[in-house]
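As the structure is a computational prediction, the values presented were derived from the model and not from experiment. If you read the sequence from its start, that first residue is 1, and numbering goes on from there. Atoms considered below: every heavy atom in the structure, side chains included; atoms not considered: hydrogens, waters and symmetry mates.
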Amino acid sequence: LKETKPELEREYIEALRRSEMESKFLLASGRFELTGRGDVNTYSVFAETALELVSSSGYAGIIVPTGIATHDTNKDFFQSLIVNQRLVSLYDFVNKKKLFPAVESNIKFCLFTITGGKSSLIKTAAQLEQVNDLNDKDRLNEIQIEDLRRLNPNTLNLPTFRTRNDAKLLIKIYRSV
């Protein structure tokens, strides 16, 4: 790389350095109690900032990588959303249809809505490919916080149901067992 594209190597080294410095700054700031740990991602601290800024009667909707709900470094943030009933919806997409043309087609992102109040019901959908998929009632799910606690009591992770019937069946089983 040095011999064939020295300018590319310099840009890469500078990007690494900048990323390390930003991460150190975020960790040292002490401002991000839930997401300022491990390998800090800017989308995570962005989501935590949105949570802090939303009023008690307001909502914040953001587009972030689905890792906000699945990455280990975000587990405290996500569990806090569930415990405090602040998550309103999480609609998971994969970029197969190139909604974001400059982003690889296997990258997952989500429409993520939080509230400053409380929401005992979470609306979800998984593996959507285009915005119109949100009109497919069979793909949309609603899960009560109490059912989520039954399904995943240790992690409070959201299950990724492919269809509404999958969700209903699994919740019915867990309610009766």
Side-chain angles (χ1 to χ4, degrees), residues 1-55 58-84 86-116 122-134 139-141 148 152 154-162:
L1 188 64
K2 284 182 184 181
E3 295 173 15
T4 58
K5 302 213 177 198
E7 69 283 348
L8 186 59
E9 181 191 26
R10 278 192 299 278
E11 288 176 25
Y12 175 74
I13 290 170
E14 179 57 32
L16 276 179
R17 186 176 129 346
R18 186 172 39 252
S19 176
E20 287 175 23
M21 298 313 289
E22 288 171 357
S23 185
K24 285 181 181 182
F25 174 77
L26 292 170
L27 289 169
S29 75
R31 181 168 180 255
F32 303 100
E33 294 178 22
L34 300 171
T35 59
R37 56 192 64 192
D39 186 15
V40 180
N41 288 301
T42 53
Y43 76 86
S44 302
V45 296
F46 175 72
E48 186 171 351
T49 300
L51 183 64
E52 290 173 11
L53 294 176
V54 67
S55 75
Y59 295 87
I62 58 178
I63 300 173
V64 289
T66 302
I68 197 68
T70 60
H71 287 169
D72 188 58
T73 55
N74 295 324
K75 70 182 174 189
D76 291 336
F77 174 72
F78 197 77
Q79 286 176 354
S80 173
L81 292 175
I82 301 302
V83 168
N84 295 306
R86 308 276 304 269
L87 182 62
V88 175
S89 65
L90 191 146
Y91 299 118
D92 168 58
F93 286 80
V94 63
N95 199 37
K96 284 183 185 175
K97 303 279 183 170
K98 300 301 273 182
L99 288 168
F100 297 103
V103 176
E104 293 293 324
S105 61
N106 64 336
I107 299 297
K108 296 181 80 174
F109 64 93
C110 65
L111 305 179
F112 183 72
T113 308
I114 52 180
T115 182
I122 304 168
K123 297 178 181 182
T124 69
Q127 302 172 18
L128 304 173
E129 294 181 8
Q130 54 193 6
V131 175
N132 285 340
D133 290 343
L134 290 168
R139 299 292 303 275
L140 305 179
N141 305 297
L148 180 57
N152 290 319
N154 295 330
T155 64
L156 300 178
N157 285 343
L158 279 178
T160 53
F161 300 116
R162 182 84 171 137

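Not a single salt bridge (charged side-chain N to carboxylate O under 4.0 Å, His left out) links Glu33 to another residue, sequence neighbours left out. For Asp72, the side chain to side chain donor-acceptor pair (under 3.5 Å) partners are Lys75, not counting sequence neighbours. Every residue meeting the side-chain contact (heavy atoms from CB on, under 4.5 Å) condition with Ser23, not counting sequence neighbours, appears here in chain and number order: Leu27, Val40. Residues passing the side chain to side chain donor-acceptor pair (under 3.5 Å) test with Arg86, sequence neighbours excluded: none. Applying the side chain to side chain donor-acceptor pair (under 3.5 Å) rule to Asn152 yields no partners; only residues at least two apart in sequence or on another chain are considered. Take Glu52 and apply the salt bridge (charged side-chain N to carboxylate O under 4.0 Å, His left out) test, not counting sequence neighbours, and it matches Arg31. Remark: Asp76 engages Arg37 in a salt bridge (charged side-chain N to carboxylate O under 4.0 Å, His left out) (not counting sequence neighbours). Ser80 meets the side chain to side chain donor-acceptor pair (under 3.5 Å) test with Asn84; sequence neighbours excluded.
Paired with Phe78 under the rule side chain to side chain contact (heavy atoms under 4.5 Å, CB included), one option of Leu156, Leu90, Thr155 passes, and it is Leu90.
With hydrogens and angles ignored, the 3.5 Å screen pairs no side-chain donor or acceptor of Gln127 with any backbone N or O of Val94. Glu129 places no side-chain N or O within 3.5 Å of a backbone atom of Lys97 that could act as its donor or acceptor partner. Thr49 places a side-chain N or O within 3.5 Å of a backbone atom of Val45 that can act as its donor or acceptor partner. The backbone N or O of Leu34 lies less than 3.5 Å from a partner atom in the side chain of Glu48, making a donor-acceptor pair.
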Throw together a table of side-chain donor-acceptor distances under 3.5 angstrom for residues 99-114, partners on residues two or more places apart or in other chains.
unit_1: Lys108; atom_1: NZ; unit_2: Asp92; atom_2: OD2; d: 3.2
unit_1: Thr113; atom_1: OG1; unit_2: Ser89; atom_2: OG; d: 3.0

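Smallest separation of non-hydrogen atoms from Leu140 and Ala125: CD2-CB, 3.9 Å. Across all their heavy atoms, Ala47 and Ile68 have their closest contact at CB-CD1, 3.7 Å. Considering all non-hydrogen atoms of both residues, Arg139 and Ala126 come closest at NH2-O, 2.8 Å.
Residue Ile63 holds its CD1 atom at 11.0 Å from OG1 of Thr66, rounded to the nearest 0.5 Å. Once rounded to the nearest 0.5 Å, the distance linking CD of Gln79 with CG of Asn154 reads 9.0 Å. The OG1 atom of Thr124 sits 9.0 Å away from the CG atom of Leu87 when rounded to the nearest 0.5 Å. Atom CG of residue Leu26 and atom OG1 of residue Thr42 lie 8.0 Å apart, to the nearest 0.5 angstrom.
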task = With side chain to side chain contact (heavy atoms under 4.5 Å, CB included) as the test, would you mind laying out the steps for Leu148 and Leu158 before giving the verdict?
result = CA-CA 7 Å; Leu148 180 57; Leu158 279 178; 4.1 Å; yes

key: Steps toward side chain to side chain contact (heavy atoms under 4.5 Å, CB included) verdict (Thr73, Thr35)   = CA-CA 7 Å; Thr73 55; Thr35 59; over 6 Å; no

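Residue pairs meeting the ring pair (Phe, Tyr, Trp, His ring centres under 6.0 Å) criterion with at least one member in residues 16-55: none, sequence neighbours excluded. Listed by first then second residue, pairs satisfying salt bridge (charged side-chain N to carboxylate O under 4.0 Å, His left out) with a partner in residues 16-26 read Glu14-Arg18, not counting sequence neighbours.
The side-chain heavy atoms of Leu134 and Leu128, taken from C-beta on, include a pair separated by under 4.5 Å.
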